[in-house]
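Beneath this line is the structure, given in structure tokens, with notes to follow.
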Amino acid sequence: MKRILSAGLLVIMGTCPVVAQQPDTIPLSLNIREIIVTAKTGFNPGRQAKSSASVEEYLQSSGKAGMIKRGNYAWEPSVNGMTSERISVTIDGMKIFHACTDRMDPVTSYVETVNLGKVSLGSGFEANPNASNHIGGSIDMRLNKSGFCTDGFSANVSAGYESNGNLQVYGADMSYANPHFYINSGIFHRSSSNYRAGKSKEVLFSQFNKNNFFSNIGYVVANGKAIEGTLIYDHARNVGYPALTMDVATADGLISSLAYTMENPFPKFYKWETKVYYNNIVHIMDDTKRPDVIMHMDMPGNSRTGGAYSTLSGRNDNHRYSLNIDGYYNRSYAEMTMYSNNRNEMPMFMLTWGDVRTINAGIFAIDEYRINDNHSARLSSKISFQRDGVGNEEIGYESLLVYYPEMPRYKGRIIGNVAARYLFNKNGWEASASAGYGSRAPSVSEAYGFFLFNTFDSYDYLGNPGLKNESSLETSLILSKKYKTLEVKTEASCFYFYDYIIGKPNVELHHMTIGATGVKVYQNLPRATIMNLNLSFKYRFANNFIWQSNVLYARGKDDKNNSLPLISPISYNTSLTFLNNHFTAEAGINGAARQTNFNPEYGEDETGEYFIANLSAGYDFKAGNVIFRMKTGVENLFDKYYSTYSDWKNIPRKGRNIFLNLGINFN
Amino acid sequence: MKRLYRILVSVFIAAVFISCGKEEENSPADPTEGLKLIQEFADDNYTVSAWNERGEFRLGYTKVYFTIKDKEGNFIDNAKLTSFPEMDMGMMKHSTPRSEIIKVSGKALYEAYYNFLMYSGQGNGVWYYDLSYKVGDAGGGFEDVVIDVKNAFRPDGKTQASIIKTVAGADDKRYVITLVEPQNPKVGVNEISAYIHESKSPDYPAIENFSLGLDPRMPSMENHSSPNNSDLIWSEAEKIYKGKVNFSMTGYWKLNLILRNEKKEALYGNPISENNDSSSLFFEVEF
Ligand SMILES: [Cu+2]
Ligand SMILES: [Cu+2]
């Protein structure tokens with residue numbers, strides 16, 4: 001069962017000699033993008049980044065996810081130009097929500113690369129059965145489990161150093177696996193001082209320090225039945241956010257799950273997985289290290305999520321189908337205590353998330369019908385019931401009543417989607433057309449956030465409990481052609497939104513944050529559109545060389561044809577890779593054109609064009625049972641000083657950085 | 001989840017029933033339950049006691065309850081009480097805005113309010129208090145009893161809270177404006193109430209049908225304000241000015257006021273503007 005679960009992963013890693021009996025329920029199709037994160041043994045040309053890379057760097061290097069940066073740590077992923085309120089981010093199907101009202105802690109920051117086997121990216125409503133409220137796409141981070149293999153014992157140690165910011169990475173993990181039992185466990189440390197932007201400009205408050213522990217255990221209780229458990233504890237401290245006015249003292253994530261999997265539970269069904277999970281995130285901000293604090297504040301946040309899902313997967317003749325039910329309960333709590341500069345005054349206290357509670361339960365079904373060798377069709381649908389509201393009556397609810405006197409304390413919503421895809425495949429041609437329609441509920445901040453200051457546009461944001469669900473009609477077209485040595489692919493997706501949720505200024509309200517321009521209240525715009533276009537090719541030549549390139553264009557418009565914020569200008573990357581059995585070398589450039597479609601209303605200004613160059617080389621060799629891996633390189637070779645459209649307050653990105661990674665694997 | 005919720009709800013309901021039942025069982029005849037004694041006035045026949053929730057007279061609005069007991073300890077519920085407080089400041093004497101003492105229906109209890117303009121010792125003043133009672137045909141009283149009116153502080157315990165103001169209106173009359181509610185301010189929507197009396201010591205006639213424009217602000221937060229506040233307008237039923245004040249957070253709030261007469265003409269106070277972040281008339285609330 002485990003084999004099935006991560007068939008894709010294991011085949012790629014080659015650690016498990018067992019052949020997958022059944023393919024994944026949702027086939028690896030051309031519009032589900034997978035990013036391989038951990039590659040335990042041997043040489044892996046599929047690895048897209050240096051081994052010391054963070055989860056965010058992996059996602060970024062895939063070219064499929066954008067990254068909004070507020071510093072050197074905890075970048076916020078975006079898919080199709082949309083971030084956390086419009087995409088679903090799950091860990092092995094588990095719902096997890098950030099605890100920071102200022103988006104300092106996207107949930108991807110609570111895992112480490114060693115925790116993960118792969119990351120599945122879905123566009124729009126496709127793919128992930130456990131996703132909810134995912135109007136723009138989904139990211140599912142699949143855990144790195146050894147699986148029920150015959151590997152026996154193995155261990156890994158790795159270390160990485162980067163010159164820029166004196167970044168250091170140390171990790172150790174071990175695994176033991178037999179066909180009835182496995183355990184893998186590891187610890188990981190990552191820390192950095194302030195990094196330097198191009199031209200040696202130090203970016204103050206960009207330091208961080210992070211430790212991570214994980215453990216996965218699996219046990220076969222009877223033939224075809226297994227129990228698996230996961231525990232991840234992630235602790236970051238002293239994390240600077242140069243683009244914000246505050247830093248983080250500590251950010252802790254505890255992620256746990258217990259799953260029960262049955263193989264062939266019923267005729268025509270080959271797998272049934274049921275999982276319960278719980279995670280707790282505690283986020284403590286800190287402004288005590290900043291020199292010019294106008295007013296000292298304490299801003300702790302907490303997000304707790306418990307949930308369960310059950311997925312039944314089957315296959316019959318030309319149909320592959322899956323049924324899923326899932327439910328979760330989240331409590332998001334954040335407070336703010338402001339200490340007046342007049343010492344005689346009482347501290348000011350407010351709840352910025354008044355213990356917002358969300359219960360969501362959904363049912364999902366998908367069927368893929370293989371019409372013949374060349375044609376297949378897929379249909380999926382999900383419907384969820386959500387009840388959300390403010391748990392804290394005394395302050396949370398009462399303070400929102402000031403702004404919304406008629407507001408009910410809890411509110412029910414129905415959210416759902418239907419999506420269909422048609423896939424054609426012949427002679428190396430692959431074409432797919434898909435369309436979907438669905439909706440999402442407003443996020444915790446959008447519905448109930450209370451004066452959340454956004455440093456990007458310098459507005460306080462007030463949630464709006466009366467928001468309608470946002471819905472979207474989306475279509476995508478993918479066309480690719482594979483020749484012997486050349487692969488060309490074009491992808492286009494278009495999202496047409498109704499009741500698009502975004503903050504708009506309300507001049508009647510008084511801002512709260514000192515220095516803020518005003519107050520924005522979340523509203524439903526009648527419509528908005530986001531469009532993404534991606535062209536790529538991959539060319540293999542002279543046996544050992546790969547040349548690949550990728551160009552991305554995106555455009556977002558609101559109902560008045562003004563630009564939506566944080567949408568990428570034309571960006572591109574191209575790289576040339578040499579590889580043989582032991583050696584790999586890569587040279588690449590990436591860059592972006594000048595951002596012309598920016599919108600000052602959301603705090604955006606024009607971002608200039610840039611390109612940077614990177615070089616890297618890796619060498620792997622085996623001595624007995626030990627495999628040595630080395631990778632070194634230089635990023636931003638020409639030490640360009642630049643920032644991109646998605647750098648908060650235009651904080652510059654890293655200047656020249658030389659890295660060295662070492663890894664040793666014992667079998 | 002739902003089942004757990006249901007269980008919790010039923011436990012809660014059961015608990016409410018049990019606690020309610022208890023209350024009824026030992027419901028006491030003592031009308032002063034929950035009140036603290038401020039002062040007792042006793043003669044050969046009766047003991048009159050003044051009570052309130054804090055057990056003290058205090059600057060600004062002070063609600064006071066009275067009981068009158070005979071020597072057997074029976075509460076008398078058909079008495080008539082009158083009072084007159086006066087501050088002796090040496091050079092001058094003044095009284096303070098106050099209500100009649102009236103019977104609380106259904107209880108052997110009498111109530112009144114005093115809006116103390118000053119606290120004891122302020123300007124070297126001393127508060128004296130006259131109290132007289134009538135039970136049937138019998139009567140008696142107490143004269144020039146010294147009472148202690150405490151100062152009202154903001155939560156730091158040092159800064160005096162601005163909760164009662166005497167102003168000279170544009171109509172050349174003097175008015176006393178006294179904040180009544182909120183006594184226990186909370187984040188969210190608060191009832192606000194106030195009295196307006198004309199200052200003609202020793203009389204302080206209650207003024208009806210004026211209004212108080214309200215603009216709550218937080219001076220240390222760039223004069224942050226909240227929406228949906230309502231001005232204080234005269235409530236004929238409750239004989240007090242009532243409005244709504246909204247606090248978006250705890251902390252120090254300045255309730256800027258504009259006193260207006262029945263023709264809506266401003267008599268005192270000014271609106272908040274670019275160059276003026278405070279009205280000359282305001283109350284302070286801090287929590
Ligand atoms: Cu934060
Ligand atoms: Cu006096």
Side-chain angles (χ1 to χ4, degrees), chain A residues 294-297 306-308 327-329 335-352 354 357 359-361 387 390 392-407 450-451 460 462 506-519 521, chain B residues 1-6 8-9 12 153-162 182 184-192 214-230 243-256 271-274 277-278 284-287:
Chain A
I294 303 168
M295 178 178 277
H296 170 59
M297 301 180 197
Y328 68 90
Y329 177 48
E335 57 182 48
M336 171 146 83
T337 309
M338 293 174 287
Y339 298 92
S340 171
N341 296 318
N342 179 344
R343 284 163 165 249
N344 289 330
E345 285 180 16
M346 294 278 284
M348 291 162 269
F349 181 84
M350 54 203 277
L351 291 183
T352 45
R357 301 180 189 189
I359 290 185
N360 181 305
R387 185 172 148 84
V390 185
N392 183 298
E393 183 171 12
E394 197 189 339
I395 295 181
Y397 181 54
E398 288 289 337
S399 55
L400 279 165
L401 277 180
V402 167
Y403 295 84
Y404 303 101
E406 311 283 291
M407 155 191 181
F450 195 68
F451 286 90
D460 280 330
L462 179 66
N506 181 329
V507 290
E508 297 189 350
L509 298 180
H510 287 257
H511 66 267
M512 188 274 303
T513 304
I514 292 177
T517 308
V519 180
V521 180
Chain B
M1 185 59 72
K2 200 150 204 183
R3 176 177 282 180
L4 179 69
Y5 181 69
R6 251 183 223 156
L8 286 176
V9 166
F12 175 73
F153 294 104
R154 283 173 39 197
D156 65 7
K158 290 180 283 235
T159 323
Q160 192 182 318
S162 173
N184 297 300
K186 60 179 176 73
V187 169
V189 184
N190 291 261
E191 298 283 328
I192 181 170
L214 173 65
D215 190 354
R217 298 285 180 152
M218 293 192 96
S220 51
M221 297 298 286
E222 291 190 330
N223 247 5
H224 168 71
S225 183
S226 58
N228 303 325
N229 300 288
S230 337
K244 256 187 208 141
V245 62
N246 295 323
F247 299 128
S248 51
M249 65 184 96
T250 70
Y252 172 70
W253 287 84
K254 196 170 188 178
L255 312 183
N256 295 288
I272 308 296
S273 65
E274 286 278 299
D277 58 10
S278 176
E284 290 172 314
V285 168
E286 194 168 13
F287 63 110

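Only a predicted model underlies this, so the values are computations on that prediction, with no experimental measurement involved. Below, chain A is the first sequence line, B the second, and so on; all start at residue 1.
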Checklist line | Winner by heavy-atom pair count (cut-off under 4.5 Å) against chain A, out of B/P219, B/S226, B/S248 | finding: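 Winner by heavy-atom pair count: B/S248.
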Next item on the list: Return the option, out of B/G188, B/P155, B/G251, with the maximum number of heavy-atom pairs under 4.5 Å with chain A.
Entry: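 If we count pairs closer than 4.5 Å to chain A, B/G188 comes out on top.
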Work out which heavy atom in [X] is nearest to a heavy atom in [Y]; give both atom names and the distance.
X	Y	answer
B/S220	A/E345	OG-OE1, 2.8 Å
A/G515	B/E222	N-OE1, 2.9 Å
A/M512	B/H224	CA-ND1, 3.6 Å
A/P347	B/T250	O-OG1, 3.3 Å
A/V402	B/N228	O-ND2, 2.7 Å

For the [atom1] atom of [X] and the [atom2] atom of [Y], what is their distance to the nearest 0.5 Å?
X	Y	atom1	atom2	value
B/K186	A/E398	NZ	CD	3.5 Å
B/W253	A/M348	CH2	CE	10.0 Å
A/M336	B/M249	CE	CE	6.5 Å

Checklist line | A/S399 side chain vs B/V187 backbone, donor-acceptor pair below 3.5 Å | finding: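 Side chain of A/S399 to backbone of B/V187, a donor-acceptor pair under 3.5 Å: no, none is there.
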Next item on the list: For the pair B/E286 (side chain) and A/M346 (backbone), establish whether a donor and an acceptor sit closer than 3.5 Å, ignoring hydrogens and angles.
Entry: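 Flag set: sc B/E286 to bb A/M346 pair under 3.5 Å.
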Notebook entry, point to check: Hey, is CD on A/E394 packed in by over 12 heavy atoms from elsewhere, all under 6.0 Å?
Noted result: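 No, because the 6.0 Å sphere around CD of A/E394 holds 12 heavy atoms or fewer from other groups.
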Next item on the list: Go through the atoms of B/N223 and report whether side chain, backbone, both or neither lie under 4.5 Å from a heavy atom of chain A.
Entry: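 Just its backbone gets close to chain A.
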Is [X] close to chain B through its backbone or its side chain, or both, or neither, when contacts mean heavy atoms under 4.5 Å?
X	answer
A/I395	both
A/T513	backbone
A/N341	neither
A/Y397	neither

Margin query: Can you confirm whether B/R217 sits close enough to A/H510 that some side-chain heavy atom of one is under 4.5 Å from a side-chain heavy atom of the other?
Written below: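 Of all side-chain heavy-atom pairs linking A/H510 with B/R217, at least one is under 4.5 Å.
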